[in-house]
There are 2 protein chains.
Amino acid sequence: MTHRRHARSRSRRLVRPGHWHVHARVERFVEPSLLLLLRERPLHGYELLERIPELGVEGRVDIGNLYRLLRALEEEGLVQSEWSADLPGPAKRTYELTAEGRRLLDRWAEALNRAQGTITGFLERYEEGR
Amino acid sequence: MTHRRHARSRSRRLVRPGHWHVHARVERFVEPSLLLLLRERPLHGYELLERIPELGVEGRVDIGNLYRLLRALEEEGLVQSEWSADLPGPAKRTYELTAEGRRLLDRWAEALNRAQGTITGFLERYEEGR
DNA sequence: ACCACTATAGGTAAAAAACATATGTCTAAA
DNA sequence: TTTAGACATATGTTTTTTACCTATAGTGGT
């Protein structure tokens with residue numbers, strides 16, 4: 001692969017002068033998203049990419065990072081995969097959740113609950129002083 | 001300043017083999033936190049550091065990054081500061097929110113509302129399939 | 001004098017996210 | 001029938017964000 005250098009924007013996603021996108025996204029939210037989708041049934045990477053928006057993720061998910069994450073999760077025994085020769089179309093690697101992956105999902109759910117409490121607290125304090 | 005290289009953990013904050021800290025933190029949450037605290041009254045950096053835990057932020061906030069963020073916010077006209085010679089103790093730079101900063105806080109509140117919806121959706125779907 | 005605490009600040013590394021490209025299969029339309 | 005586009009997986013690289021570490025100085029107590 002060849003790559004060139006490209007001029008890119010300065011920082012903080014300017015829209016108009018003095019205006020930025022404000023996102024408020026949860027760090028590494030794609031990880032629990034993948035685990036949750038895979039708990040429901042085995043899927044391959046591209047399907048996961050298509051279904052993640054169902055979970056309300058703002059902005060598109062980076063496909064490159066998604067595949068990298070899947071392989072990282074597999075290395076750690078959180079998901080398992082195999083090539084599905086049977087399915088039509090290009091070769092697909094189908095992932096399924098392991099017991100350990102399921103436990104990690106449970107931990108994510110707890111963490112997301114705590115995060116929700118934090119956000120609620122913030123918003124309450126915000127509303128108080130409007 | 002001199003710096004040495006230090007051996008650091010591989011990745012993903014291992015606690016015990018196969019166990020990670022799962023955080024679910026909101027990206028750049030300190031920014032809205034500072035804006036909210038400053039809306040209530042002017043404060044200096046060290047006070048902000050002490051008060052941020054009130055907002056339910058897990059883990060300690062990096063003091064170096066906090067000061068950098070304050071200066072970045074000032075460059076962008078979101079906060080204003082001046083040295084407070086009057087106050088006792090070491091020199092303190094007291095920050096206050098500008099009108100523009102207050103508008104940014106409003107945008108953060110909207111974004112956090114959306115994030116909460118996303119998390120709620122995730123957790124509902126999680127509970128369904130338990 | 002020394003120590004701990006308050007206060008601000010800069011340097012750098014690691015982690016996470018964004019951006020870009022490569023490569024191949026299969027399907028449907030021109 | 002070749003060609004365009006969707007499907008599918010993957011790697012390379014840059015930018016942004018967070019974490020870690022060090023520097024400097026005033027102040028108050030012992």
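Labels below follow one simple rule: chain letters A, B, ... track the order of the sequence lines, proteins then strands, and each chain is numbered from 1.
B:E110 is linked by a side chain to side chain contact (heavy atoms under 4.5 Å, CB included) to B:R114, counting only residues two or more places apart in sequence or in another chain. Partners of A:E82 by side chain to side chain donor-acceptor pair (under 3.5 Å), not counting sequence neighbours: none found. Residues satisfying the side chain to side chain contact (heavy atoms under 4.5 Å, CB included) criterion with B:A109, sequence neighbours excluded, are A:L123, A:Y126. Annotation: side chain to side chain contact (heavy atoms under 4.5 Å, CB included) contacts of A:Q80 (sequence neighbours excluded): A:E96, A:T98. Under the side chain to side chain donor-acceptor pair (under 3.5 Å) criterion, B:N113 pairs with no residue at all, not counting sequence neighbours. Every residue two or more places apart in sequence or in another chain that forms a side chain to side chain contact (heavy atoms under 4.5 Å, CB included) with A:V61 is listed here: A:V30, A:L49, A:I52, A:V57, A:L66. By the ring pair (Phe, Tyr, Trp, His ring centres under 6.0 Å) test, B:F122 is found to be paired with A:F29, residues two or more places apart in sequence or in another chain being considered.
In this structure, B:L66 atom CG and D:dA19 atom P are separated by 13 Å, rounded to whole Å. When rounded to the nearest whole Å, the span between CZ of B:R25 and P of D:dT18 equals 7 Å. Rounded to an integer number of Å, the gap from CD of B:E27 to C1' of C:dA15 is 12 Å. Between A:W83 atom CH2 and C:dG24 atom P there is a gap of 13 Å when expressed in whole angstrom units. Whole-Å rounding puts the B:I63 CD1 to C:dA9 P distance at 10 Å. Rounded to whole Å, the distance from CD on B:E31 to C1' on D:dT16 is 13 Å. Following rounding to the nearest Å, A:R28 (CZ) and C:dA18 (C1') show an atom-to-atom distance of 17 Å. The interatomic distance linking B:H21 (NE2) with D:dT18 (P) rounds to 18 Å, in whole Å.
The side chain of A:Y67 has D:dT9 as its nearest neighbour among D:dT9, C:dT8, D:dT18.
Each of A:T94, A:L37, A:L97 was compared with A:L43 under the side-chain contact (heavy atoms from CB on, under 4.5 Å) criterion, and only A:L37 meets it.
Among the atoms of the strands shown, base atoms are found under 4.0 Å from some heavy atom of A:R68.
DNA chain C is contacted by A:R60, A:D62 of residues 37-62 of chain A, taking any non-hydrogen atom closer than 4.0 Å.
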What does the list of N/O pairs under 3.5 Å between the protein and nucleotides 24-29 of chain D look like, with a distance for each?
none

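Looking only at distances, no side-chain donor or acceptor of A:Q116 sits under 3.5 Å from a matching main-chain atom of B:I119. Checking side-chain atoms of A:E27 against main-chain N and O of B:H23 turns up no donor-acceptor pair under 3.5 Å.
Every pair passing side chain to side chain donor-acceptor pair (under 3.5 Å) that includes a residue from residues 47-57 of chain A is listed here, sequence neighbours excluded: A:H44-A:E47, A:E54-B:R125. Every pair tested for ring-ring contact (aromatic ring centres under 6.0 Å, His included) that includes a residue from residues 50-106 of chain A fails, sequence neighbours excluded, so the list is empty.
The nearest heavy atom of DNA chain C to B:Y95 and to A:V30 marks one nucleotide each, and the one closer to the 5' end goes with B:Y95.
Axis deviation across the helix from C:dA1-D:dT30 to C:dA30-D:dT1 amounts to 10°, comparing end segments of five pairs, rounded to 10 degrees.
Looking at B:N65, its side chain comes within 3.5 Å of the base of D:dA19 through a donor and an acceptor atom.
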